[in-house]
K.L.:
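Okay, handing you the structure first.
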Amino acid sequence: MNSIASAAEQPNESCFPQLGFKERMLAFGVCFLIGTFLEISSAGALFSFALGSGVKFAIVFSLGNLVSLAGTTFLVGYKKQYENMFDETRRIASIVYLASIVLCIVLSLAIGFALLVFALVVVQYCAYVWYCASYIPFARDFIKGCVGKIFSSSNSGPAPAPAFQPFQNA
């Protein structure tokens, strides 16, 4: 049985229990689309990083993440969302993800240092991917394997050239 059908059969513990399953799915979809739109539209402000300010990008990108994340409460509710996020397998990713969102917004408004804000956006995105991968069987193992191959091939570098030996007899 797929997860959507099983979610429809579970008791409605969402943040709006008066909504039916279709309405909750619609609300989740709307939040997800708004969040995704904000994240994509924030790319228009990436040029501001080159000019030394990433405030607009960081805030819009982070708000997009928060709206998308808030949409899941229509499906499972605040309590279940909290339990899911702070389950043993997701705890560290969730803490890093939420902390990077908050730090990204606060630091971009407080100091606006573009390089630090950009680093927090990268951390935010990586933590989000790692968090989402925890819901997909073997996804974290796949990511670890890909990253491992990328770094193991980049560390080895090109093979050294053979030493030139003009007077060696063959």
Side-chain angles (χ1 to χ4, degrees), residues 1-17 19-46 49 54 57-108 116-156:
M1 180 180 286
N2 67 32
S3 61
I4 294 176
S6 64
E9 295 171 359
Q10 292 179 359
N12 183 353
E13 296 178 1
S14 70
C15 60
F16 296 102
L19 298 178
F21 179 71
K22 287 182 182 180
E23 290 87 7
R24 290 185 291 135
M25 288 298 292
L26 180 64
F28 164 74
V30 168
C31 286
F32 178 78
L33 289 175
I34 290 171
T36 302
F37 173 76
L38 288 170
E39 291 169 9
I40 291 171
S41 65
S42 71
L46 274 174
F49 271 115
F57 169 77
I59 291 174
V60 174
F61 183 82
S62 297
L63 288 177
N65 275 325
L66 287 174
V67 170
S68 294
L69 185 62
T72 60
T73 61
F74 285 101
L75 299 178
V76 296
Y78 294 111
K79 181 181 177 189
K80 185 67 175 168
Q81 177 69 17
Y82 178 83
E83 290 171 359
N84 287 343
M85 288 185 76
F86 293 96
D87 180 68
E88 184 179 334
T89 58
R90 298 180 190 96
R91 185 175 301 131
I92 293 173
S94 296
I95 291 169
V96 171
Y97 179 54
L98 294 173
S100 64
I101 290 173
V102 170
L103 284 171
C104 197
I105 293 171
V106 170
L107 291 179
S108 65
L116 177 61
V117 170
F118 185 73
L120 286 168
V121 167
V122 170
V123 168
Q124 186 180 142
Y125 184 76
C126 290
Y128 175 71
V129 168
W130 195 248
Y131 170 77
C132 289
S134 71
Y135 286 97
I136 304 167
F138 307 109
R140 284 183 167 183
D141 293 333
F142 177 76
I143 293 169
K144 285 182 202 175
C146 290
V147 171
K149 286 185 182 193
I150 290 169
F151 285 111
S152 68
S153 64
S154 66
N155 287 340
S156 61

K.L.:
Should we say atom CD1 of Ile95 is surrounded by more than 12 heavy atoms from elsewhere, each under 6.0 Å from it?
P.N.:
yes

K.L.:
Which atom pairs, one a donor and one an acceptor, fall under 3.5 Å between side chains of residues 58-67 and the rest of the protein, sequence neighbours left out?
P.N.:
unit_1	atom_1	unit_2	atom_2	d
Ser62	OG	Ala58	O	2.8
Ser62	OG	Gln124	NE2	3.1
Asn65	OD1	Tyr97	OH	3.4
Asn65	ND2	Gln124	OE1	2.4

K.L.:
Counting only heavy atoms not in Phe86, do more than 12 sit closer than 6.0 Å to its CZ atom?
P.N.:
yes

K.L.:
What are the two closest heavy atoms between Thr89 and Arg140, and how far apart are they?
P.N.:
O-NH1, 2.8 Å

K.L.:
State which residues pass side-chain hydrogen bond (donor to acceptor under 3.5 Å, both in side chains) with Ser100; sequence neighbours excluded, sorted by chain then number.
P.N.:
none

K.L.:
Answer yes or no: is there a side-chain heavy-atom contact under 4.5 Å between Tyr82 and Met85?
P.N.:
no

K.L.:
Quick one: list whatever passes side-chain hydrogen bond (donor to acceptor under 3.5 Å, both in side chains) with Ser42, sequence neighbours left out.
P.N.:
none

K.L.:
Please enumerate all residues that pass side-chain hydrogen bond (donor to acceptor under 3.5 Å, both in side chains) together with Asn84, with sequence neighbours excluded.
P.N.:
none

K.L.:
As an exercise, state the distance from CD1 of Ile105 to CG of Leu120, rounded to the nearest 0.5 Å.
P.N.:
11.0 Å

K.L.:
Would Leu33 and Phe37 satisfy side chain to side chain contact (heavy atoms under 4.5 Å, CB included), going step by step from the backbone distance to the final call?
P.N.:
CA-CA 6 Å; Leu33 289 175; Phe37 173 76; over 6 Å; no

K.L.:
Which residues satisfy the side-chain hydrogen bond (donor to acceptor under 3.5 Å, both in side chains) test with Gln81, sequence neighbours excluded?
P.N.:
Thr72

K.L.:
Identify the two heavy atoms, one from Cys104 and one from Ser108, that lie closest to each other, and give their separation to 0.1 Å.
P.N.:
O-OG, 2.8 Å

K.L.:
Got a sec, which pairs hit side-chain hydrogen bond (donor to acceptor under 3.5 Å, both in side chains) with one end in residues 125-134, sequence neighbours left out?
P.N.:
Arg90-Ser134, Tyr131-Tyr135

K.L.:
Measure the spacing between CD1 of Ile34 and OG of Ser68 and express it to the nearest 0.5 Å.
P.N.:
9.0 Å

K.L.:
Can you tell me how far the CD atom of Glu23 sits from the CZ atom of Phe28, to the nearest 0.5 Å?
P.N.:
16.0 Å

